[in-house]
Amino acid sequence: MVSLLIIGAGPAGLSAAIAAAEQGLDVKVIDEFSKAGGRLLGQLHQEPNGDWWNGIAMGEKLHQEALRVGVDIQCEVSVFDISRSATGWTVYTSQGMMETRKLLLATGASEIPIPLPGWTLPGVMSIGAAQVMGNVHRVKPGNTCVIIGANVLSMAIANELRLCGIKVKEIILPAAGSISKDAGRPEKVLASLMKLTHLAPTAILRQAGKLGKFVNPSFAIKFFPKKGIKLFDIPIRIKKAAIEIVGDEHATGVRTVAISSEGKEIPGSEKVTEADFVCIAGGLAPMSELASVVGCSFKYVPELGGHVPVHNERMQTNVPNLFVAGNITGVESAKVAMAQGKVAGLSIALESGSTSKEIELLLKVAIEEVRKTRATALMQFQPGIPEAREMVYRQFLLEEQAMKRKESVS
């Protein structure tokens with residue numbers, strides 16, 4: 001039996017492991033992928049100060065630091081069930097049962113699919129799959145591509161694909177519908193893109209974004225060019241939607257149609273954009289299935305990507321001896337996940353009876369670091385994240401108070 005078992009060897013899981021192990025806990029980390037690092041392995045972008053964020057290098061740094069402090073890391077291990085035991089938790093994996101006193105779920109997030117005709121053809125993939133092929137495996141998915149879905153994820157990865165030598169012909173929207181929802185409505189998409197202009201490579205576009213804050217998106221969309229605008233020399237065409245991915249045995253392009261500001265198709269405007277492969281970018285949602293298995297309560301928070309397990313700032317859940325950190329708690333940047341992981345590791349060490357006199361202070365500092373990291377994050381996946389976080393924390397307190405009242409009555 002170990003003191004702490006962490007499911008997920010991404011930025012949150014590794015950071016938590018390091019923090020807990022430094023406080024004397026016996027820590028094991030498991031992950032279903034063949035290499036530690038999680039989504040860090042695919043990330044590569046330039047910071048506003050000109051420095052490059054190299055996710056592979058950061059992932060390796062965390063991996064080596066975890067090994068240095070004595071963390072046991074096992075990859076290619078899948079979890080298919082979890083149950084409570086007399087002393088903590090029993091985790092059922094592809095490598096047998098594992099016993100632990102404390103359990104941390106750092107399972108991250110998964111991509112949201114947007115089905116459309118032809119999406120099962122070879123050569124069609126999620127935007128994250130293309131990122132992994134290029135940045136992790138060093139394999140070009142093709143020479144030319146079309147990206148369906150204009151959001152923070154597609155913007156960031158489109159530039160990474162460009163750096164891999166791939167010509168991104170255009171970023172367009174999915175057709176409006178019950179599945180694509182706001183992702184297929186130009187006005188809503190423009191409103192979200194206006195929050196990303198700080199990523200623009202030219203001063204003109206960055207200044208346009210600042211001015212755009214004072215313009216209502218419903219007004220601005222009327223003047224958005226039909227040919228779109230270019231970001232990193234990639235055309236972003238939010239008045240154009242994908243209605244079908246074409247090809248016989250392999251994707252060869254995308255059939256598109258011009259759309260109005262409300263997302264309605266304009267008859268007679270159909271065209272085909274040829275491409276070697278097609279990426280679908282539907283966004284991210286927390287991978288919270290294991291939290292559901294163990295009985296966590298959930299709250300649906302759109303700003304955080306969907307249903308998230310209720311937790312507090314110390315990353316505790318309403319289930320004893322169970323903690324969460326990273327994108328399972330809401331989709332944010334890898335830096336925020338790392339900061340949350342440190343909080344979780346220190347919180348678990350404190351609850352485990354650590355004798356360190358400084359640990360409470362370290363935990364307070366770590367919690368404040370999460371707030372600072374969130375406030376200065378380069379990429380904000382959704383607006384209103386800090387407020388959404390506070391709402392989840394309040395929900396945790398309400399449930400905790402209700403449980404105490406129930407126990408006092410019984």
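Quick note: numbers below take in every heavy atom, side chains included, and nothing from hydrogens, waters or symmetry partners.
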Would you say the side chain of [Y] lies within less than 4.5 Å of the side chain of [X], judging by non-hydrogen atoms?
X    : Y    : value
V168 : F232 : no
L62  : M338 : yes
N318 : E400 : no
R39  : L284 : yes
D26  : L4   : no
P122 : E249 : no
P117 : I245 : no
M133 : R138 : no

Verify the neighbour count for atom [atom1] of [X]: are there more than 12 heavy atoms of other residues, nucleotides or ligands below 6.0 Å?
X    : atom1 : result
E387 : CD    : yes
M391 : CE    : yes
M1   : CE    : yes

- prompt: How far apart are the C-alpha atoms of V370 and E313, what are their side-chain angles, what is the distance that settles it, and do they pass the side-chain contact (heavy atoms from CB on, under 4.5 Å) test?
  reply: CA-CA 9 Å; V370 172; E313 272 195 305; over 6 Å; no
Going by atom type alone, with no hydrogens or angles, which donor-acceptor pairs under 3.5 Å involve a side-chain atom of residues 266-281 and a protein atom two or more places apart or on another chain?
residue	atom	partner	partner atom	Å
S269	OG	A258	N	3.0
S269	OG	I266	O	2.5
T273	OG1	E170	OE2	2.8
D276	OD2	N143	N	2.9
D276	OD2	T144	N	3.3

Non-hydrogen atoms of [X] and [Y] that approach each other most closely:
X    : Y    : result
I172 : K240 : CB-O, 3.5 Å
V29  : G8   : CG1-O, 3.7 Å
P309 : I328 : CD-O, 3.3 Å
V301 : A388 : CG1-CB, 3.6 Å
V308 : P286 : CG1-CG, 3.8 Å
I114 : W119 : O-CE3, 4.3 Å

Going by atom types only, do [X] and [Y] share a side-chain donor-acceptor pair under 3.5 Å?
X    : Y    : answer
Q95  : T93  : no
E111 : S126 : yes
N135 : E160 : yes
Q316 : N312 : yes

message: Before you tell me yes or no, could you show the steps for L398 and Q401 under side-chain contact (heavy atoms from CB on, under 4.5 Å), namely the whole-Å CA-CA distance, both residues' side-chain angles and the distance that decides it to 0.1 Å?
response: CA-CA 5 Å; L398 289 173; Q401 291 167 1; 4.2 Å; yes
Between [X] and [Y] (side chain of the first, backbone of the second, donor and acceptor by atom type, cut-off under 3.5 Å), is there such a pair?
X    : Y    : value
S85  : G88  : yes
Q23  : A349 : no
T107 : M287 : yes

From [X] [atom1] over to [Y] [atom2], what is the distance, rounded to the nearest 0.5 angstrom?
X    : Y    : atom1 : atom2 : answer
I171 : S154 : CD1   : OG    : 5.0 Å
L346 : L350 : CG    : CG    : 8.5 Å
I147 : R237 : CD1   : CZ    : 12.5 Å
S297 : F396 : OG    : CZ    : 9.0 Å
E368 : T373 : CD    : OG1   : 9.5 Å
L116 : I179 : CG    : CD1   : 10.0 Å

What side-chain donor-acceptor pairs closer than 3.5 Å can you find for residues 69-80, not counting sequence neighbours?
residue	atom	partner	partner atom	Å
D72	OD2	Q74	NE2	3.3

Identify whether the distance between the nearest side-chain nitrogen and carboxylate oxygen of [X] and [Y] falls below 4.0 Å.
X    : Y    : value
E351 : R314 : no
R389 : E332 : yes
K372 : E369 : no

- request: Could you please spell out the steps behind the side-chain contact (heavy atoms from CB on, under 4.5 Å) verdict for Q340 and T329?
  value: CA-CA 10 Å; Q340 285 183 325; T329 73; 3.4 Å; yes
Report, one line per pair, each donor and acceptor closer than 3.5 Å where one atom sits in a side chain of residues 9-21; sequence neighbours left out.
residue	atom	partner	partner atom	Å
S15	OG	P11	O	2.7

- request: Using the side-chain contact (heavy atoms from CB on, under 4.5 Å) rule, take V189 and D182 through it: C-alpha gap first, then chi angles, then the decisive distance, then the call.
  value: CA-CA 7 Å; V189 173; D182 286 349; over 6 Å; no
- request: Would you please classify the geometry between the Y300 ring and the H307 ring as parallel, tilted or perpendicular, with 30° and 60° separating the classes?
  value: tilted
message: Which residue in the set R101, R84, K102 passes side-chain hydrogen bond (donor to acceptor under 3.5 Å, both in side chains) when paired with N321?
response: K102
